[in-house]
There are 2 protein chains.
Amino acid sequence: MFSKTCEYAIRATIYIASEYKNEEKIGIHDICQNIEAPQHFVAKILQVLSRHDIVSSKKGVHGGFYITEEQRDTRLIDIVYAIDGDHVFTGCALGLKQCSETKPCPIHYKFKPVRENLKKVLQDTRIRELAENIKKGKFVLKALGI
Amino acid sequence: MFSKTCEYAIRATIYIASEYKNEEKIGIHDICQNIEAPQHFVAKILQVLSRHDIVSSKKGVHGGFYITEEQRDTRLIDIVYAIDGDHVFTGCALGLKQCSETKPCPIHYKFKPVRENLKKVLQDTRIRELAENIKKGKFVLKALGI
DNA sequence: CTTAAAAGATGATAATCATCATGTTTGATG
DNA sequence: CATCAAACATGATGATTATCATCTTTTAAG
């Protein structure tokens, strides 16, 4: 559904939001270990997220990634747009360039509710809520090693 | 949502179903021209569809691709399964290996209805219906050149 | 029974996406 | 103000996906 890049982006953002407290920034190493993702790759992704004002970062000693109160209001759709663009929402399911409401492909209207459903979920889900649920232990971001 | 391979597979199948009549098989060249897809690539895909009994083919002079009455009952989900596998339906939206009903990722339950919705659409849509609609001119598979 | 037109099979190339590596800039701290 | 730990930037490699090319097999028809 999303690119791997986007999956990592969402996981990293949720992790940062669930861990950040007391002004202690979170290092890339810590992040990657806990979301089980390749370090260099995620570093690159976090730079993009940072430029899009989805997460914050600070260089230097005691630097790292963190998230502000405002940024906790980020909706999943913002991350998807920042990384994957609008393709998931607007692109034709059959890959037809000219497919539209007036020139629909054979399955255009059948997929419309699916798309709208997806969009709604992404619009209604905020990082804040997901991070809270992680903290409560309701959900997991990685398999817990015994 | 689907791979390009899968998009071409669906388009080709619909085209064959909408064009085939009077036992006249449809050549790969004709198909590719009308669905605007690369010939060699689609040839490969049609071989897979043929092996999966989604379309039929005949070699030699006056050979080509065609579709039987039974094959017109093929549902879109059959094509997706044949080409892309079950990843769209079962894979975690965040790419987590261990994500499941008992160990859900943070957005697992939010995406569940989206997935079910998608699956239902694919299950309820048959090639027969799509081909009929093409014939009636209600939908298009390619941009009509002026 | 030879020919030609079609799909079938397999392997090679190209493009895209994911991952890795290396060096640069920033900023707190002694 | 030198040092070091962090993110930042950019380019290189690897893997996967999409596309192309070449040859083989089948089959109707002269």
Side-chain angles (χ1 to χ4, degrees), chain A residues 1-13 15-16 19-20 23-33 35-67 80 83-85 87-88 91 94-95, chain B residues 1-13 15-16 19-20 23-33 35-67 80 83-85 87-88 91 94-95:
Chain A
M1 189 153 307
F2 309 128
S3 68
K4 261 189 170 182
T5 309
C6 194
E7 292 174 358
Y8 289 145
I10 296 173
R11 277 153 66 181
T13 306
Y15 179 75
I16 294 168
E19 284 293 305
Y20 180 57
E23 309 279 300
E24 280 169 34
K25 319 287 183 296
I26 301 159
I28 186 87
H29 185 75
D30 179 6
I31 295 168
C32 291
Q33 203 156 338
I35 68 172
E36 289 179 304
Q39 180 163 340
H40 290 277
F41 192 22
V42 174
K44 208 175 236 181
I45 296 168
L46 282 173
Q47 285 166 30
V48 177
L49 293 179
S50 176
R51 264 182 251 132
H52 276 87
D53 192 33
I54 289 166
V55 300
S56 302
S57 67
K58 195 171 188 217
K59 283 187 181 182
V61 179
H62 298 149
F65 294 93
Y66 63 103
I67 191 164
V80 174
I83 304 290
D84 283 349
H87 185 264
V88 194
L94 294 186
Chain B
M1 187 153 310
F2 309 128
S3 68
K4 259 189 172 182
T5 309
C6 194
E7 292 175 359
Y8 289 146
I10 296 173
R11 277 152 68 182
T13 306
Y15 179 75
I16 293 169
E19 284 293 305
Y20 179 58
E23 309 278 301
E24 280 169 34
K25 320 287 183 296
I26 302 160
I28 187 86
H29 185 75
D30 178 6
I31 295 168
C32 292
Q33 203 157 338
I35 68 172
E36 290 179 301
Q39 180 162 342
H40 290 277
F41 192 22
V42 174
K44 210 175 235 182
I45 296 167
L46 282 173
Q47 284 167 30
V48 176
L49 293 180
S50 176
R51 264 181 251 131
H52 276 87
D53 192 34
I54 289 166
V55 301
S56 302
S57 68
K58 194 169 188 219
K59 283 185 178 183
V61 181
H62 297 148
F65 294 92
Y66 63 102
I67 192 165
V80 174
I83 304 291
D84 283 349
H87 184 264
V88 195
L94 295 186

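Every chain is numbered from 1, with letters handed out A, B, ... down the list of sequences.
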State, with a plain yes or no, whether a side-chain heavy atom of [X] is found less than 4.5 Å away from one of [Y].
{"X": "His62(A)", "Y": "Lys25(A)", "result": "no"}
{"X": "Leu49(B)", "Y": "Leu46(B)", "result": "yes"}
{"X": "Tyr8(B)", "Y": "Ile83(B)", "result": "no"}

Find the distance [X]:[atom1] to [N]:[atom2] and express it as a whole number of Å.
{"X": "Ile35(B)", "N": "dT19(D)", "atom1": "CD1", "atom2": "P", "value": "11 Å"}
{"X": "Arg11(A)", "N": "dA18(C)", "atom1": "CZ", "atom2": "C1'", "value": "14 Å"}
{"X": "Glu24(A)", "N": "dA28(C)", "atom1": "CD", "atom2": "P", "value": "16 Å"}
{"X": "Phe65(B)", "N": "dA6(C)", "atom1": "CZ", "atom2": "C1'", "value": "9 Å"}
{"X": "Lys59(B)", "N": "dA29(D)", "atom1": "NZ", "atom2": "C1'", "value": "19 Å"}
{"X": "Ile83(A)", "N": "dC17(C)", "atom1": "CD1", "atom2": "P", "value": "13 Å"}
{"X": "Ile28(A)", "N": "dT19(C)", "atom1": "CD1", "atom2": "P", "value": "14 Å"}
{"X": "Glu7(A)", "N": "dT19(C)", "atom1": "CD", "atom2": "C1'", "value": "15 Å"}

Hey, does the side-chain of [X] have a donor or acceptor N/O within less than 3.5 Å of a partner on the base of [N]?
{"X": "Lys58(B)", "N": "dG8(C)", "result": "no"}
{"X": "His62(B)", "N": "dA28(D)", "result": "no"}
{"X": "Lys4(B)", "N": "dT17(D)", "result": "no"}

Atom of [X], atom of [Y] and distance for their closest heavy-atom approach:
{"X": "Ser57(B)", "Y": "Ser50(B)", "value": "OG-OG, 3.7 Å"}
{"X": "Ile26(A)", "Y": "Glu19(A)", "value": "CD1-CB, 3.6 Å"}
{"X": "Phe65(B)", "Y": "Ile28(B)", "value": "CE1-CD1, 4.2 Å"}

Among [options], the one nearest [X] by side-chain distance:
{"X": "Gln47(B)", "options": "dT10(C), dT19(D), dG11(D)", "answer": "dT10(C)"}
{"X": "Phe41(B)", "options": "dT19(D), dT22(D), dA7(C)", "answer": "dT19(D)"}
{"X": "Val61(B)", "options": "dA7(D), dA28(D), dT22(C)", "answer": "dA28(D)"}
{"X": "Ser57(A)", "options": "dA7(D), dA5(C), dG8(C)", "answer": "dA7(D)"}

Examine [N]: is either OP1 or OP2 under 4.0 Å from a nitrogen or oxygen in the side chain of [X]? Give yes or no.
{"X": "Ser3(A)", "N": "dC17(C)", "result": "no"}
{"X": "Arg51(B)", "N": "dG8(C)", "result": "no"}
{"X": "Ser50(B)", "N": "dA7(C)", "result": "no"}
{"X": "Tyr8(B)", "N": "dA18(D)", "result": "no"}
{"X": "Thr5(A)", "N": "dA18(C)", "result": "yes"}

request  = May I ask you to say what Ile26(A) touches in the nucleic acid, namely base, sugar-phosphate or nothing, with a heavy-atom cut-off under 4.0 Å?
outcome  = sugar-phosphate
request  = Specify the residue among Gly27(A) and Gln39(B) whose closest nucleotide of DNA chain D lies further upstream toward the 5′ end.
outcome  = Gly27(A)
